[in-house]
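Structure first, then comments.
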Amino acid sequence: MLRVRNVWWIGALAALVLFPLIETNPTYTSIGIFTLIFMGCATSWNMFSGYSGYINLGSAVSYGVGAYTLTLLADHLHVPGNGDLFWLIPVGGFAAMIVAVPVGLVALRVRRHTFVVITIAIFFVFQLSATNFSFTGGTSGLQLPLIPWLETNYNKPFYYAALAITVFAALLSFAVRRSRFGLQLLAIRDDEDRAAGLGVKVFAVKLTGFTMSAFAVGMGGALYAVFLGQIYPQFVFDPIFDISIALMSIFGGLGTLTGPLLGALVLESMQQYLTIRFSNGSLYLIIFGALFLIVVLFMPQGIVVYLSDWRSRRSARRAEGARVVVGEAS
Amino acid sequence: MTTLLSVDRISKAFGGLQALNECSLSVEKGSITGLIGPNGSGKTTLFNVITGYEKPDSGSVTFEEADITRVGPSRVFALGVGRTFQITRIFSRITVLENMLVATQRDEGWLRGLTRSKSSKSELAAAMEWLDFVGIDRLASQPAGSLSFGQRKLLELAYVLVADPDVILLDEPAGGVNLTLINEIADKIQSLNKGGKTFLIVEHNMEFVMNLCDRVTVMHQGTDLVSGTPSEIRNDPRVLDAYLGGSDDDDVEEAS
């Protein structure tokens, strides 16, 4: 049987698949690409940080490592400027995972606020390295070979690659949520010491989750590199990225499956649109600020949790009402 | 009777505070052993050392002839030593049933968790059975954070039991609980003990300890002061001294 929830998912996916076929203006399909990259990254980030409560504010490390890995590999392997570059995107994801292991080994030894601070510190180490090493091109960044596609269809492959990353991240997050491993992450969020005392190998579980979540973020960075054709340290190792990913998840609903998808969809598309519409790169910050005030004040657990609570309260009221009616009739 | 769990001359200092000082203890297989002593005498620290939450400075802990002195909490639990906490600790944002499922496989490799679902049929059945045993099965789908204080105590007992440990360490099972529930908890412990479970219980409620336990060890200032049957303990003057903040032997002599 097709349940209502599944109809929603299929409808949303169909809308995302059809979008670039209906809307062919490259300005808007570009917004779609950026939005999907953020949806995938936020979902993947939430799969570890949302479930375990370990708020990682250094996710741009994975993003940047993915972008630089792809660009450097394309250069070394002399990959021509065509669709072959796309095959390197998963390699960028794997590189991000490999880098996440030592980062996790250091950062996951501490908890809560200390963990957050350590991830920020590690992020800046990577940003400074990218800015100062010569193999990364320093501040002038790196170029990728140009892809000579026609402008009218140029965005489509990137759009569908971004959609594939998002679908992958959402399916993985869903699978984790239903697995024993996901339950262990939630137990760690609620009380790590108690979880250890019930046989959960907390460190191994945390490191696995941390590493897994780096994969889709790394692919997002790699795709970003191919799309723009050039990367700069300040854009792929961007502190705003760290914060955006976290805020999108919190905005939609930390630790939920749909929260980060919804949060990134709303916030990133709005940011892109406002930036283009008013040709002002900072206007969105004011609106973001207002939106966050509203969410934090009135729905502190995020939009998704707020809506589902509201729905269950409503159905409870209805059931209550039905009982009253039955009571009067008898 | 054979010794299931034994603690041999454990010492542990926190900075200048000697929390445990050559403390020894043994728990016979199939017994209910009580551990009493004034506040700050080191009972909970001893629990933490046994279950791997604290590493002792010296001494050893042996469980079923295996040395578990410096083994971490998840491994100690996997070997078969379960515990509850003085301040009840549950996973408040997942459901009561999910709380149970966290503990159902006490010794499963961490990679296995990735490839399997949250629960199997037999695990679900076991979880519901133990929830039923402590009487909170109707709350299975509620978030654990919505439970009352007493229900949390019962849940904590249930999820330690579901993993089927050989010995269970209870830290103040009757603390802050009403009289009806105290009796209920005592009944549960007794019936589990008849089924072969071994218990080590820290408790301030003397009636509870004296009625339930086969043997009692009294701790004072980080060391084991005296061990014996409840009636021996009741009549031992050293125990009274420890509790009443008593004095050195000289003072007693001077007074008399």
Side-chain angles (χ1 to χ4, degrees), chain A residues 47-48 50-53 97 104 108-109 171-213 215 253-257 259 300-302 304-305 308-309 312-313 316, chain B residues 47-48 50-54 72-85 87-95 97-120 123 143-145 152 155-156 159-165 169 171:
Chain A
M47 186 189 73
F48 173 69
Y51 292 170
S52 73
M97 279 176 89
L108 292 168
R109 302 219 164 264
L171 287 175
L172 189 65
S173 181
F174 178 68
V176 164
R177 182 66 184 81
R178 289 177 56 122
S179 72
R180 171 59 58 101
F181 171 74
L183 182 64
Q184 291 173 334
L185 285 175
L186 294 178
I188 287 169
R189 175 193 67 187
D190 283 359
D191 190 335
E192 184 166 343
D193 290 325
R194 179 69 267 197
L198 291 175
V200 177
K201 280 105 185 141
V202 287
F203 195 79
V205 169
K206 287 189 294 184
L207 188 61
T208 310
F210 186 78
T211 308
M212 277 169 66
S213 93
F215 183 62
L254 195 65
T256 63
L257 180 61
Q301 288 184 294
V304 170
V305 179
S308 78
D309 280 358
S312 61
R313 270 200 307 274
Chain B
F47 265 28
N48 287 342
I50 294 172
T51 50
Y53 284 92
E54 302 276 3
S74 67
R75 186 81 202 119
V76 171
F77 185 73
L79 288 169
V81 182
R83 79 172 284 190
T84 66
F85 285 85
I87 297 158
T88 310
R89 299 171 79 161
I90 53 160
F91 308 112
S92 57
R93 287 159 71 188
I94 56 181
T95 67
L97 185 60
E98 283 175 321
N99 267 262
M100 298 293 291
L101 294 174
V102 172
T104 43
Q105 290 300 318
R106 71 175 199 221
D107 191 15
E108 190 172 75
W110 57 274
L111 267 176
R112 181 82 180 88
L114 275 171
T115 54
R116 58 163 297 186
S117 76
K118 227 174 346 191
S119 60
S120 68
E123 283 170 351
R152 286 173 194 225
L155 172 60
E156 202 184 18
Y159 67 43
V160 171
L161 286 167
V162 76
D164 195 25
L169 281 58
D171 201 344

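Order of the sequence lines sets the chain letters (A, B, ...), proteins ahead of strands, with each chain counted from 1.
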Segment of [X] engaging chain B (4.5 angstrom heavy-atom cut-off):
| X | result |
| --- | --- |
| A:R177 | both |
| A:R194 | both |
| A:A175 | neither |

Below 4.5 Å, heavy atoms only, C-beta onward: do [X] and [Y] meet side chain to side chain?
| X | Y | answer |
| --- | --- | --- |
| B:F85 | A:D191 | no |
| B:R116 | A:F181 | no |
| A:R178 | B:S117 | no |
| B:N48 | B:R83 | yes |

> chain B: which of A:T208, A:V205, A:D193 shares the most heavy-atom pairs with it under 4.5 Å?
Replying inline: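 Of A:T208, A:V205, A:D193, A:D193 has the most heavy-atom pairs under 4.5 Å with chain B.
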
>> Counting heavy-atom pairs under 4.5 Å with chain B, which one of A:G182, A:G255, A:A195 comes out on top?
In response: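 Sorted descending by pairs with chain B, the first entry is A:A195.
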
>> With a 4.5 angstrom heavy-atom cut-off, is it the side chain or the backbone of B:Y53 that approaches chain A, or both, or neither?
In response: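 Only the side chain of B:Y53 comes within 4.5 Å of chain A.
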
>> So for B:V102, is it side chain, backbone, both, or neither that comes closer than 4.5 Å to the heavy atoms of chain A?
In response: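 Backbone plus side chain of B:V102, per the 4.5 Å heavy-atom cut-off to chain A.
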
> Do B:T51 side-chain atoms and B:P73 backbone N/O form a donor-acceptor pair below 3.5 Å?
Replying inline: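 Not a single qualifying donor-acceptor pair exists.
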
> Short question: side chain of A:R180, backbone of B:K118 - any donor-acceptor pair under 3.5 Å?
Replying inline: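 Here the side-chain-to-backbone pair exists.
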
